[in-house]
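Convention: sequence-line order gives letters A, B, ...; per-chain numbering from 1. These numbers were taken from a predicted model, which means no experiment stands behind them.
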Number of protein chains: 2
Amino acid sequence: MSQTGAHPRRAPTMADVAQLAGVSHQTVSRVLSNHPNVRDTTRAEVQRAIEQLGYRRNSSARALVTRRTLTLGVVACNPTLFGPASTLFGLEEAARDEGYMVSAVTLRRYTAKALEEAIDHLSDWGVEGIVVIVPHREAVAALAELRLPFPVVTVEGGHSLPIAGVSVDQELGARLATSHLLGAGHRTVWHVAGPPDWLEAEARVSGWRSTLEEAGAEVPPPLVGDWTPLSGYRAGQELAGRVAAGSARRTSADVTAVFVANDQMALGLMRAFREAGLSVPGQVAIAGFDDIPEAEFFAPPLTTVRQDFAAVGQASIRLLVSQLETGATSRDGERVVIEPRLIVRRSSTTS
Amino acid sequence: MSQTGAHPRRAPTMADVAQLAGVSHQTVSRVLSNHPNVRDTTRAEVQRAIEQLGYRRNSSARALVTRRTLTLGVVACNPTLFGPASTLFGLEEAARDEGYMVSAVTLRRYTAKALEEAIDHLSDWGVEGIVVIVPHREAVAALAELRLPFPVVTVEGGHSLPIAGVSVDQELGARLATSHLLGAGHRTVWHVAGPPDWLEAEARVSGWRSTLEEAGAEVPPPLVGDWTPLSGYRAGQELAGRVAAGSARRTSADVTAVFVANDQMALGLMRAFREAGLSVPGQVAIAGFDDIPEAEFFAPPLTTVRQDFAAVGQASIRLLVSQLETGATSRDGERVVIEPRLIVRRSSTTS
DNA sequence: GGTAGGGCTGTGAGCGCTAACAATGGTCGT
DNA sequence: ACGACCATTGTTAGCGCTCACAGCCCTACC
């Protein structure tokens, strides 16, 4: 509307604004960066010119000279799952508040190669640092090898690396769930674990196992799933068989309580039990992990361990930004641990 | 390891590579952009120098001169939900394949102001175009006002705007579900709708209504939820009351079938029915929408309408990139419609 | 009244890269 | 043997911005 040039409408530059406002480009720059030493009338004039032209600072030029792209990268996998998605969300919001932009790259699978490519892609775009959501053993190892020229923060990357990281205390979560079930009078608690190469799965197994051991309870062999409802369903079918078998003669390893490593598998498990004619919590008590929004409305509502994913996202950005500002390229292993919380619902209560 | 300078290790520049390889910086540039007219031996030499120095092209400098940031923006809301998350995922992957980076901004709520801020934020970082996931009436209207200096593609933004867009045929989905239920012998089908200001909710209502009208069935007043399981639960409680009342004397508006506007609400609905002692599908048949991964494992498994979110993401990127390449800043209303598919499961089958 | 100092503004250089053109040397045709 | 032509390489000029510094003018102080 304002500018009807014959030229293909090149975006206005700082010089254009300067000319229109009758000042030098440097003064425009000062106005834009809120430098105090600009007369109010001048500032107003410049502002007016900026608005009139619809001027926007060219971020590339700015980045070139300041050597700051104000962009952070994120590498994530399975971003359609509730956990990663929530983390990503919290992370992006926190980054925006800190004045950074975030670019995400999502992986289909956690191979060292895919991870490296993702990081490469981010580097190409000049990110100043990255958050890697790598709850996966191989990926963490690969990351350790990389020695990147910018700060890295891991999420759920375990504590073995000299890299800053944020994680939820998975082991504590597992202990909470397991001891809750034991406390309800069950002789022991069975476990459906996540894939063995996932650190979170491992930590949950270990929390479950040690709780049983400390309580002097028998430790039944954990079943293994892959986080999907289907795998939980299969595990449920197997466990249902054992319940039936066990009911002939009672042993200390009867299946009366199951701690499932995530809510989706718990859902599958409950379907299998339902189909086998087993009542939950009547014959078998169940606890899950994550507290997805649906969990409260399962049949029956699922006892589970809530993780504050948004807090994880925020903490990881804080960690990353602090590294950026102190200029430390690799802070050896500063870690933030977030405590999960047990949410008790009907799937585990006998009343 | 290679470079042990006293200086704080400035990232190597093209000139550094050129010097090491004994060529001009322009030759390095040529190698990097795969220009054909470079002698093989020279190319190899340069490659070696690049690797030795760990050189990476400075994206800001490149963007400055080429006027291409190769970055696309995405604005989304509720990215923890399965639908938006999947769309985002598909979108990012497609963008990466096309050589673009994507930066996402997530909104807590769909206000015109939040949307504008998000787009502002993206503009500041120099995106070349944006995808806006705006299944929300007010947001769409606000977007139409904006007149942005770069291409925009909407997702689920309705067909009223002269803006390119991708959407799933929500109305068709609703028709599929509704006529499936009618086909199973129900006199009519009740509906639990999404929030009225959501275009998707509206389209589903309209598909449901017209299917009933065409079949000559009574159109009961739709209940309204907010996509959450809780709101579905409340709607379920209300409907359960009607079933009980209706059982006294049969009318043509008996609640024997319900089409719920998304799977999460359907889950809540089923819980309410369960608590009211109603059997699904025995007394009431239910169909949902979305086909979230959990739906297959609900009690009973949920009949629903599957949307191919990944395809939506891909299509939106294709549309955006094509606008970018043809140079059209606003292609008036090129649209891609993706057909949903009915997935029949136990919640709606009488057998 | 001279000089010091501070508020405000302009000038020049250069960030690292690509595009356009210039220069070089060799091959080929006649 | 000479010019045309091509492949290969170098040179130069910015892209739009910020930083460092240089100027100007006005107030304040001795």
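- Each of A:Ser33 and B:Arg43 has a nearest nucleotide on DNA chain D; the 5'-most of these lies closest to B:Arg43.
- With rounding to whole Å, B:His35 atom NE2 is found 13 Å from C:dT18 atom P.
- Remark: side-chain polar atoms of B:Glu128 are paired, donor with acceptor, to backbone N or O of B:Leu70 under 3.5 angstrom.
- Across D:dC17, D:dG10, D:dC15, the shortest atom-to-atom separation from the side chain of B:Arg67 is found for D:dC15.
- In the interface, the side chain of A:Arg10 is not paired with the base of D:dG16 through any donor and acceptor atom under 3.5 Å apart.
- Atom CG of A:Leu320 sits about 11.0 Å away from atom OG1 of A:Thr154, to the nearest 0.5 Å.
- Separation of atoms CD (B:Glu138) and CG (B:Leu143) is listed at 12.0 Å; rounding is to 0.5 Å.
- Atom pair A:Tyr55:OH and D:dG16:P shows a separation of 10 Å (rounding to whole Å applied).
- In this structure, B:Thr13 reaches the C:dC17 phosphate: one of its side-chain N or O atoms is under 4.0 Å from OP1 or OP2.
- Here the closest non-hydrogen pair linking A:Val102 and A:Val74 is CG2-CG2, 3.7 Å.
- Side chain to side chain, B:Ser60 and A:Ser60 fail the donor-acceptor criterion of an N or O pair below 3.5 Å.
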Subject >> Steps toward side chain to side chain donor-acceptor pair (under 3.5 Å) verdict (A:Ser167, A:Glu156) >> reply: CA-CA 5 Å; A:Ser167 53; A:Glu156 299 299 349; 4.6 Å; no
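- Comparing D:dC17, C:dT9, C:dC17 by their nearest atom to the side chain of B:Met14 picks out C:dC17.
- Enclosure of atom CD in A:Gln19 is not indicated, since only 12 or fewer non-hydrogen atoms of other residues, nucleotides or ligands lie within 6.0 angstrom.
- Rounding to whole angstrom units, CZ of residue B:Arg62 and P of C:dC17 are separated by 10 Å.
- Taking the screw axis at each terminus of the helix from C:dG1-D:dC30 to C:dT30-D:dA1 from five consecutive base pairs, the angle between the two is 50° to within rounding of 10 degrees.
- In this structure, the CG atom of A:Leu64 is 12 Å from the P atom of D:dC19, given to the nearest Å.
- Side-chain proximity of A:Asn58 to C:dG10, D:dT9, D:dG16: nearest is D:dG16.
- When the C1' atom of C:dT9 is taken as reference, atom CG of A:Asp40 falls 15 Å away, rounded to whole Å.
- Atoms CZ and SG, on A:Phe89 and B:Cys77 in that order, are 7.0 Å from each other to the nearest 0.5 Å.
- Remark: B:Val23, B:Ser24, B:His25, B:Gln26 in residues 18-26 of chain B come within less than 4.0 Å of DNA chain D through at least one heavy atom.
- Counting to the nearest Å, the C1' atom of C:dA19 and the CZ atom of B:Arg57 are 14 Å from each other.
- Taking every side-chain heavy atom of B:Ser29 into account, C:dT18 is the closest of D:dG10, C:dT18, D:dT18.
- In this structure, B:Asn37 atom CG and C:dA19 atom P are separated by 15 Å, rounded to whole Å.
- The residue from B:Leu146, B:Val140, B:Val75 that alone fulfils the side-chain contact (heavy atoms from CB on, under 4.5 Å) condition with B:Leu115 is B:Val75.
- For B:Thr42, a side-chain nitrogen or oxygen approaches OP1 or OP2 of D:dT9 to under 4.0 Å.
- One interatomic measurement links the two molecules: CZ of A:Arg39 to C1' of C:dT9, which rounds to 9 Å at whole-angstrom precision.
- If you check every strand for non-hydrogen atoms under 4.0 Å, A:Arg30 touches a base.
- For the pair A:Thr27 and C:dC8, the criterion of a side-chain N or O lying under 4.0 Å from OP1 or OP2 is not met.
- By the 4.5 Å heavy-atom criterion applied to side chains, B:Pro84 and B:Phe309 are not counted as neighbours.
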